[in-house]
Amino acid sequence: MSLVVYNTLSRKKEPFIPLEEGKVKMYVCGPTVYNYIHIGNARPAIVFDTVRRYLEYSGYDVHFISNFTDVDDKLIRVANETGTDVPTVAQKYIDAYHEDVCALGVKKADHHPRVMETIPEIITFIEQLIEKGFAYEAGGDVYFKTRNFNGYGKLSHQSIDDLRIGARIEVGEKKNDPLDFALWKAAKEGEIFWESPWGKGRPGWHIECSAMAKKYLGDSIDIHGGGQDLSFPHHENEIAQSEALNEAPMAKYWMHNGYINIDNEKMSKSLGNFVLVHDMVKEHDPQVIRFFMLAVHYRNPINFSKELLESAEAGLNRIRTAYENVKHRLTVTAGLGTEEEAWLEKTAALKARFKKEMDDDFNTANAISVLFDAAKEANVYLKEDNVSEKALSSFIELFEDISGVLGITLQKEAELLDADIDALIQERNEARKQRNFARADEIRDLLKEQNIILEDTAQGVRWKRA
RNA sequence: GGCGGCAUAGCCAAGUGGUAAGGCACGGGUCUGCAAAACCUUUACCCCCGGUUCGAGUCCGGGUGCCGCCUCCA
């Protein structure tokens with residue numbers, strides 16, 4: 001049993017064999033930082049964070065790079081509108097990105113390169129493309145000669161002649177062929193710029209990823225990821241630039257996540273039907289958002305609505321409760337189990353199933369179903385009078401392994417009971433012994449008002465925070 | 001015009017040849033002083049029409065509907 005990955009290049013699932021044994025180099029296109037991210041932007045962050053976590057769980061040494069596009073037309077516009085400058089705008093939204101994505105359980109990449117820090121490498125890259133005859137300067141701009149790159153369209157499976165080339169011509173551009181795309185753009189009056197062999201200007205959009213991937217990971221990487229909408233033209237152009245220069249495959253596996261839809265339509269900034277993560281997390285547990293997204297296979301679209309999020313929340317709570325209840329049982333005096341082996345076999349089987357599902361192109365939806373089955377089995381086990389510490393621990397380990405890979409925290413806020421609350425629980429226990437249920441219920445209600453839920457079990461009172 | 005995706009129970013969603021995972025919601029039952037949590041249990045003509053096959057949600061052909069990319073977009 002080994003990992004297979006769906007590769008956009010071949011449109012097939014392929015066995016995952018990294019270029020260098022035991023090591024994975026991956027690059028994921030990050031956001032253009034001119035605004036807060038919406039939940040559509042959050043999907044690739046969550047998906048590829050999960051891919052990375054699973055690769056690490058599987059024993060790979062993962063080198064993960066994700067960029068920030070911090071110079072472009074939209075940043076310039078926002079800077080002008082707000083009376084600040086591009087670096088200020090960029091820094092604001094980079095900080096916001098980290099904050100949002102951290103709430104969603106996304107680990108930081110090994111490095112988050114920015115265009116502004118990569119200008120020398122970008123310029124060198126372009127110079128070399130010109131030397132090799134793949135690019136030309138035109139009035140301060142530099143363009144890539146698309147038709148010179150044999151293999152253009154191999155990622156999106158487009159024939160170069162079938163593209164609606166008319167749509168690519170923009171007013172005032174100096175390209176020779178409508179298919180050509182900008183590597184370097186001459187600065188307009190008042191725009192942020194860098195000095196270059198072609199005068200003052202800034203990089204085009206696609207070149208940054210080619211330059212950064214090369215700088216941090218080398219000429220060929222294992223996994224290149226991003227949203228489906230990047231496959232054309234962005235990734236196609238990256239391939240053209242990088243492979244024209246490096247004469248080596250840019251990436252072995254190209255992975256693309258599906259969109260988030262609202263009312264069955266793609267969520268996008270231009271349609272205005274987006275929900276910002278920044279706002280979302282004020283109303284919903286960000287962990288629920290992550291759980292909700294991972295409950296669907298990453299290549300399929302997700303329809304987003306508040307109702308669906310709430311139903312996901314109910315599901316996650318079921319898993320969390322089961323996990324907490326197993327932990328609770330571990331704190332009370334545990335009897336000696338006689339069927340320990342059978343339960344250890346069950347948890348081992350569930351773990352094997354989890355790996356099998358994740359090995360199949362990161363099927364997190366099925367991985368989550370394993371988590372539900374684990375919750376079910378754990379709940380059944382908890383009904384037994386005698387349980388073993390070993391079996392309980394194997395459940396805990398199972399829950400933590402899976403949730404760790406999915407990047408979901410099962411543990412609720414671990415706060416100690418106040419002495420007052422503790423005393424109330426004791427008092428209620430006394431009242432119950434004396435069958436003074438009125439007082440017992442009164443205390444339970446009192447605690448409920450403070451979001452402490454009491455549950456009477458055969459092993460004593462169990463409590464949790466609502 | 002070119003390229004591609006999707007259509008599975010009330011809702012969400014897995015499932016690429018052997019007779020439909022899982023979740024949410026709903027109904028019934030069990031446990032409980034009452035609850036909570038949980039367990040058991042009911043609910044699917046897999047969009048339509050052909051074809052291949054001993055056997056198809058799963059492969060092939062043809063429809064229908066929805067969505068996306070080809071233009072900044074995760």
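In the text below, chain A, chain B and the rest are named by the order of the sequence lines, each starting its count at 1.
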Colleague: Counting only side-chain nitrogens and oxygens, does A:Lys464 get under 4.0 Å of the OP1 or OP2 atom of B:A36?
Modeller: no
Colleague: In whole angstrom, what separates A:Lys306's NZ from B:C12's P?
Modeller: 19 Å
Colleague: NE2 of A:His157 versus P of B:G68: gap in Å, rounded?
Modeller: 22 Å
Colleague: Let's see if you can work this out: which of B:C6, B:C34, B:G68 has an atom nearest to the side-chain heavy atoms of A:Arg444?
Modeller: B:C34
Colleague: Just compare B:C11, B:C39, B:C66 and give me whichever is closest to any side-chain atom of A:Lys376.
Modeller: B:C39
Colleague: Look at A:Asn41 and B:A74 and indicate whether a side-chain polar atom (N or O) is within less than 4.0 Å of OP1 or OP2.
Modeller: yes
Colleague: I want to check one thing: is the phosphate of B:A37, taken as OP1 and OP2, less than 4.0 Å away from some side-chain N or O of A:Asn325?
Modeller: no
Colleague: Could you check how far NE2 of A:His328 sits from P of B:A38, rounded to whole Å?
Modeller: 15 Å
Colleague: Just checking A:Ser268: base, sugar-phosphate only, or nothing, at a heavy-atom cut-off of under 4.0 Å?
Modeller: base
Colleague: Looking at A:Trp463, I'd like to know whether one of its side-chain N or O atoms comes within less than 4.0 Å of OP1 or OP2 on B:A37.
Modeller: no
Colleague: Would you please confirm or rule out a distance under 4.0 Å between OP1 or OP2 of B:A37 and any side-chain N or O of A:Asn317?
Modeller: no
Colleague: Which base sits across from B:C34 as a Watson-Crick or G-U pair, both distances under 3.5 Å?
Modeller: none
Colleague: Does A:His38 reach a base, just sugar-phosphate, or nothing at all? Heavy atoms under 4.0 Å.
Modeller: base
Colleague: Let me know the distance between CG of A:Leu371 and P of B:A13, rounded to the nearest Å.
Modeller: 19 Å
Colleague: Quick one: does A:Asn261's side chain have a donor or acceptor within less than 3.5 Å of a partner on A:Lys266's backbone?
Modeller: yes
Colleague: On a whole-Å scale, what distance lies between the C1' atoms belonging to B:G28 and B:G68?
Modeller: 45 Å
Colleague: Closest to the A:Phe232 side chain: B:C66, B:G33, B:C70?
Modeller: B:C70
Colleague: By nearest atom, which of the nucleotides B:A37, B:C24, B:C69 is closest to the A:Ser311 side chain?
Modeller: B:C24
Colleague: Considering every strand shown, what is the Watson-Crick or G-U wobble mate of B:C39 when both distances are under 3.5 Å?
Modeller: B:G29
Colleague: According to the Watson-Crick and G-U wobble definitions, with both distances under 3.5 Å, which nucleotide is paired to B:A44?
Modeller: none
Colleague: Under 3.5 Å, is there a donor on one side chain and an acceptor on the other for A:Arg43 and A:Gln228?
Modeller: no
Colleague: A:Tyr152 and A:Asn237: side-chain donor and acceptor closer than 3.5 Å?
Modeller: yes
Colleague: When you measure from the side chain of A:Asp456, which nucleotide among B:A35, B:G68, B:G2 comes out closest?
Modeller: B:A35
Colleague: Rounding to a whole Å, what distance do you find between A:Asn429:CG and B:G33:C1'?
Modeller: 14 Å
Colleague: Looking at A:Arg11, does any N or O in its side chain come under 4.0 Å of the phosphate oxygens OP1/OP2 on B:G4?
Modeller: yes
Colleague: Using a cut-off of strictly less than 4.0 Å, decide whether A:Arg428 has a side-chain nitrogen or oxygen near OP1 or OP2 of B:G33.
Modeller: no
Colleague: It should be established whether A:Lys266 places a side-chain nitrogen or oxygen under 4.0 Å from OP1 or OP2 of nucleotide B:C69.
Modeller: yes
Colleague: Want to settle it: does A:Arg432 or A:Ala365 sit nearer the 5' end of RNA chain B, counting the closest nucleotide to each?
Modeller: A:Ala365
Colleague: Of the nucleotides B:C69, B:A37, B:G33, which has the atom closest to the A:Thr321 side chain?
Modeller: B:A37
Colleague: Just checking A:Tyr253 against A:Phe16, ring centres under 6.0 Å apart?
Modeller: yes
Colleague: Check every atom of B:A21, B:G33, B:C39 against the side chain of A:Ala440 and return the nucleotide holding the closest atom.
Modeller: B:G33
Colleague: Which is true for A:Leu382 with a 4.0 Å heavy-atom rule: it touches a base, it touches only sugar-phosphate, or it touches nothing?
Modeller: nothing
Colleague: For A:His206 together with A:Phe181, are the ring centres under 6.0 Å from each other?
Modeller: yes
Colleague: Once you round it to whole Å, what is the distance between C1' of B:C31 and CD of A:Glu384?
Modeller: 16 Å
Colleague: Just compare B:A25, B:A36, B:G15 and give me whichever is closest to any side-chain atom of A:Ile453.
Modeller: B:A36
Colleague: Kindly indicate whether the side chain of A:Asp161 and the base of B:G2 share any N or O donor-acceptor pair separated by less than 3.5 Å?
Modeller: no
Colleague: Strictly by Watson-Crick or wobble contacts shorter than 3.5 Å, is anything paired with B:G61, and which nucleotide is it?
Modeller: B:C49
Colleague: For B:C66, give its Watson-Crick or G-U wobble partner with both distances under 3.5 Å, or none.
Modeller: B:G5
Colleague: Taking for each residue the nucleotide of RNA chain B bearing the nearest heavy atom, is the 5' side occupied by A:Leu230 or by A:Tyr6?
Modeller: A:Tyr6
Colleague: Hey, does A:Asn300 reach any base, or is it just sugar-phosphate, or nothing, if we go heavy atoms under 4.0 Å?
Modeller: sugar-phosphate
Colleague: I'd like to know whether A:His278 forms a ring pair (Phe, Tyr, Trp, His ring centres under 6.0 Å) with A:His38, so could you lay out the CA-CA distance, the side-chain angles of the two residues, the decisive distance to 0.1 Å, and finally the verdict.
Modeller: CA-CA 8 Å; A:His278 200 71; A:His38 58 61; over 10 Å; no
Colleague: Do A:Asn363 and A:Tyr298 pass the side-chain hydrogen bond (donor to acceptor under 3.5 Å, both in side chains) test, and can you show the C-alpha distance, the side-chain angles, and the key distance before you say yes or no?
Modeller: CA-CA 8 Å; A:Asn363 194 331; A:Tyr298 76 90; over 6 Å; no
Colleague: What nucleotide, of B:C39, B:C69, B:A14, holds the atom closest to the side chain of A:Arg318?
Modeller: B:C39
Colleague: Does the cation-pi check pass for A:Lys13 over A:Tyr6, that is, NZ or CZ under 6.0 Å from the six-membered ring centre and within 45° of its axis?
Modeller: no
Colleague: Across the strands shown, which category fits A:Asn257 at heavy-atom distances under 4.0 angstrom: base, sugar-phosphate, nothing?
Modeller: base
Colleague: To the nearest angstrom, how far is A:Lys383 atom NZ from B:C40 atom P?
Modeller: 8 Å
Colleague: Expressed as a whole number of angstroms, how long is the span from A:Glu377:CD to B:A38:C1'?
Modeller: 13 Å
Colleague: Mark this stacking check for A:Phe437 against B:G33 as yes or no, applying ring centres under 5.5 Å and ring planes under 30°.
Modeller: yes
Colleague: At under 4.0 Å, does any side-chain N or O of A:Asn261 touch on OP1 or OP2 of B:C66?
Modeller: no
